[in-house]
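Here is the structure we will look at, set down as structure tokens.
Chain letters run A, B, ... following the sequence lines, proteins first and then strands; every chain starts at 1.
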Amino acid sequence: MTMPYYASPEQLMRDRSEYARKGISRGRSVAVLTYADGVLFIAENPSSTLHKVGELYDRIGFAAVGRYSEFESLRVAGVRLADVRGYSYNRRDVTGRVIANAYAQTLGEIFTQQTKPYEVELCVAEVGAEPDADQLFRLTFDGSIVDEPDFVVMGGQADAVTGHLRENFRHGLDLAEALMVGVRALSAVSPAMAGGNGNGQLLTAAQLEVAVLDRRRPKRAFRRVVGAALGTLLGDRSAGEVAPQGATHPHSPSASQPGTPAGLGDPAAPDTVGGGDGSGEGSGPQAGPADGVGGGTDGGTDGGTGGGTDGGTAS
Amino acid sequence: MDGLTQSHTGRSGFPPAYLDRVGSSFTDFLAVTAPDLLPGRRPLPTVNAGDLTPHGTTIVAVTYAGGVLMGGDRRATMGNLISSRDIEKVYPADSWSVIGIAGAAGIAIEMVRLYQVELEHYEKIEGLTLSLDGKANRLAQMIRGNLGAALQGLAVVPLFAGFDLDAAEGATPGRIFSYDVTGGNYEERGYAAVGSGSLFAKNSLKKTWRSGLDAGAATRTVVEALYDAADDDSATGGPDPVRRLYPIVYRVDAEGAVRLTDAEVADVADAIIGERAAADRENVDRGA
């Protein structure tokens with residue numbers, strides 16, 4: 001193999017973008033929507049252990065598409081940054097913007113300085129006290145950061161899902177309605193649906209990974225919606241709103257109503273430990289340990305892109 | 001604080017250590033990226049520094065049918081002075097466990113904060129919580145790291161209790177772990193107490209505690225033990241109806257860790273005070 005003598009910066013960047021974009025679009029989509037009580041994450045993800053959605057901090061969640069090993073290490077870095085900041089300052093001093101900035105810097109650096117860019121697209125979501133204060137940051141493989149007002153769709157056929165959502169999304173939907181809007185949009189373009197578009201078939205609970213940042217929860221807003229709760233939300237819209245349940249893992253708390261179990265450090269009491277008056281707190285399983293699944297970009301990305309483009313740029 | 005300005009702000013993206021995937025312990029991560037934030041990594045005082053920080057006193061914990069209860073009085077002392085009447089010495093460690101601290105308050109509170117983040121961090125990275133034994137062991141390692149400071153009068157002795165989600169059928173799900181300053185970790189049967197008033201608190205619990213109590217009766221044994229400790233130990237504060245200050249009591253059961261409201265604890269404490277006063281009047285009437 002011959003090394004190219006010269007490649008113009010434009011050409012290099014274009015090749016890297018194309019490479020990353022291809023990898024990301026090969027996977028399945030993730031949609032992040034605001035709803036009346038917070039932010040809803042919906043991922044088409046048949047795996048129940050290799051998560052695309054996770055908790056970063058009290059009010060901050062994370063969603064990603066692309067290569068699992070890459071976005072998982074970014075998620076862990078985000079949790080570390082949040083916890084170190086929260087520990088050295090105060091829990092209130094951890095904001096989505098800070099974490100999103102760190103992601104942008106890191107992704108930008110990797111994109112310009114390493115041969116292979118990260119094939120990931122991220123969303124950092126922060127839930128505020130009021131719907132107006134909710135924030136969704138979309139981060140792309142090259143370190144671009146965009147503040148989106150209503151919803152973010154990443155991966156797979158993101159444009160088609162976005163178009164579908166743009167028609168159906170409204171402000172102030174309740175959880176069940178927002179979930180239905182999101183699932184419809186994902187199902188319409190999902191390759192997992194036999195007929196493709198238009199036959200009205202919806203993705204099932206087993207094919208979805210759903211989580212919320214619920215602003216009504218006093219402490220850690222992030223909850224996975226799994227099992228019976230997800231089934232109810234998907235299957236029977238007339239059942240109204242069902243509180244998100246904890247995860248199925250035996251170590252996860254069973255109580256999910258706001259205010260039941262006690263929580264960690266009270267943000268209203270700076271520099272103290274301990275929840276002042278029994279604030280709620282719980283756990284939800286996050287990412288699994290292994291690499292390789294999830295995004296589904298692994299198959300075939302290694303085959304040729306690098307060598308092919310190199311050859312083309314040699315002059 | 002070089003580490004703080006460089007690595008914690010995220011201004012220049014994540015430092016390489018943040019993207020290293022190995023490790024789910026927050027303490028171990030801090031040891032690499034910002035060791036100055038860890039207790040036990042700082043130069044030790046060369047003289048006895050025990051007088052420099054308030055000392056927290058009595059903590060008691062009891063198991064009951066549905067889980068475990070932990071209570072602590074509200075007093076902190078510095079030498080002969082009462083430095084605080086309303087200090088809180090019992091904290092939730094996570095959803096299913098609580099930690100109470102006796103000893104040097106400054107270091108103890110820092111250690112509890114670190115321990116809370118440690119458990120939450122593990123939970124977020126790994127996607128599941130540590131087992132109760134794992135949590136107890138992790139705390140032992142932290143105490144062990146404080147041995148040098150303990151020898152200079154800054155000892156921290158916690159009491160740890162939690163609801164064991166993996167408890168065998170028929171076993172009590174509530175479990176209590178006590179520690180010594182060297183990080184020794186001992187599981188206690190039924191009840192335990194630490195701090196200056198622990199001798200009197202344990203004597204009280206010896207008479208009042210039985211296995212299989214319900215939550216209400218067990219709460220009473222906790223508050224009564226603290227009352228008895230305050231009766232005989234000058235560094236333990238009793239219930240203070242004048243300032244409406246009552247012991248802090250946490251209950252950990254199948255629903256998680258919950259702090260009892262002041263009103264609940266006040267009712268129990270007032271009932272105990274009332275009974276003691278009535279018993280004393282009877283003695284006087286009988287001419288004792």
Flag side-chain contact, heavy atom, 4.5 Å: B/Y18 against A/T106: no
Shortest non-hydrogen separation from B/K124 to A/R75 and the atoms involved: O-NH1, 3.0 Å
Basic-acidic side-chain contact under 4.0 Å: A/R91, B/E120: yes
Which atoms of A/L56 approach chain B - backbone, side chain, both or neither, heavy atom under 4.5 Å: backbone
Test item: A/R80 side-chain N/O and B/L30 main-chain N/O as donor-acceptor pair under 3.5 Å: no
Shortest non-hydrogen separation from A/A77 to B/L19 and the atoms involved: CB-CD2, 3.9 Å
Side-chain touch A/D83/B/F29, heavy atoms, less than 4.5 angstrom: no
CG on A/L107 to CZ on B/F14, rounded to 0.5 Å: 8.5 Å
Nearest heavy-atom neighbours spanning B/L37 and A/S88: CD1-CB, 3.9 Å
Residue pair B/R113 / A/Y87: nearest heavy atoms and the distance that separates them: NH2-O, 2.9 Å
